[in-house]
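Starting from 1, each residue takes its place in the sequence as its number. In each ligand, atom 1 is the first atom listed, and ligand 1 is the first ligand listed.
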Amino acid sequence: MIEIKGVTKKFGEITAVKGISFAVKKGEVLGFLGPNGAGKTTTMKLITGFWQADQGQVLIDGLDNVTHSKESRAKIGYLPETVPLYDEMKVYEYLRFIASIRDITPEMILPRIKEVVEICNLHSVIGKSLDELSKGYRQRVGLAQAIMHNPDILILDEPTTGLDPNQIAEIRELIKKIGKEKTVIFSTHILAEAQATCDRVVIINKGQIVAEGRPEELAQALKSQELVTLKLRAKGSEVTTALATLADLKNIKIVSEEAGLTTVTMESSARDEGVALGELLVKRAWPVCELVRGGVSLEEVFRELTK
Ligand code: ATP
């Protein structure tokens, strides 16, 4: 449905995206992750046709989005990072305005507004001025304008930024609901959101794709960095002996000491390491305060890939 092929975009000296390629299948909800300045907004604007690539090509349903700009744009609904709302308008006036500029025929305008009001649950604010709305409702109105012309593709740039946890949950549910029928790309800083909402995740850093896959696959890829934290109550020479013995096990990473409590963090690439450690602890009868194996979350994958 969407193919990004070797796309580069420069702004003067800055190369915002560097020869990136990825594809999004029909019906897929893709999470687009990356730290500030990674190139998320630029990529989304290249897909919508707002920017043109310096190199490479974006295909929407097989058509080049530059040479077939009008057809491509008709297939895309876009919610920018800052929702373009005219504050002096009432919600229904704004939606009517959007419907008219999206070439919806006059007789279809009212029925379509009713549908998007239903989908985005805007009944209670339909007669209010846009400047009276909470951020959550403004975002819903933004989504309503993005889906007004019933596009197959939705591009949502950080749709939950600045919302409170309840509003985030509501918008997430709305994205899931819309995502059942449409192809969605949405960018986010909230990794749990990508994990909860997306079929697949693309991580971008410094204009380049650094990882791509289902959320659980990405976590699996970093499994070798699973950590084991061991806290021993040991002092002075006991610590030295303990450390010397533990050093025979591979991958000891960090050792810190606080008030007589020695904390050893081990990078465990194999489960065997944990078994060997357990045997050692039993043999030595050291007073163990804590032994924890940490799983790898998408949050850690993200930090590891974009640091
Ligand atoms: P954020 O999460 O902060 O929104 P982002 O991942 O969306 O960041 P972009 O907005 O795509 O990142 O920016 C990528 C790089 O391109 C940054 O270095 C940014 O300063 C630069 N950039 C983006 N738009 C322009 C522009 N119109 N003119 C000049 N530089 C730009």
Ligand 1 N/O within reach of Gly37 N/O, cut-off under 3.5 Å: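 Yes: some nitrogen or oxygen of Gly37 is under 3.5 Å from one in ligand 1.
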For the 3.5 Å polar cut-off, considering only N or O atoms, please tell me whether Ile14 and ligand 1 meet it.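 It does not: no N or O of Ile14 is found under 3.5 Å from an N or O of ligand 1.
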Is it the side chain, the backbone, both or neither of Ser187 that has a heavy atom closer than 4.0 Å to ligand 1?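 Within the 4.0 Å criterion, Ser187 makes no contact with ligand 1.
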Side chain, backbone, both or neither: which part of Trp51 has a heavy atom under 4.0 Å from ligand 1? side chain
Nearest-contact summary for [atom] - protein heavy atom, Å:
atom                    : value
atom 23 (C) of ligand 1 : Phe11 CE1, 3.6 Å
atom 12 (O) of ligand 1 : Gly39 N, 3.2 Å
atom 11 (O) of ligand 1 : Thr42 OG1, 2.5 Å
atom 3 (O) of ligand 1  : Asn36 OD1, 3.1 Å

Pick whichever of Thr43, Leu46, Thr41 has a heavy atom sitting closest to atom 7 (O) of ligand 1. Thr41
Is Asp152 salt-bridged to Lys182, cutoff N-O under 4.0 Å? no
Quick one: do Lys90 and Glu93 make a salt bridge, cutoff under 4.0 Å? no
Look at ligand 1 and say whether Gly207 reaches it with a heavy atom at a distance under 4.0 Å.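 No heavy atom of Gly207 comes that close to ligand 1.
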Consider ligand 1: state whether an atom of it lies below 4.0 angstrom from any non-hydrogen atom of Glu158. yes
Cationic tip of Lys9 within the cone over Phe11's six-membered ring, i.e. under 6.0 Å and within 45° of the normal?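 Judged by the rule, Lys9 and Phe11 form a cation-pi pair.
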Protein contact for atom 20 (O) of ligand 1 (heavy atom, distance under 4.0 Å):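 No, there is none.
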Should Ile185 and Met44 count as side-chain neighbours, where that means a heavy-atom distance under 4.5 Å?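 A side-chain contact exists here, since the closest heavy-atom pair is under 4.5 Å.
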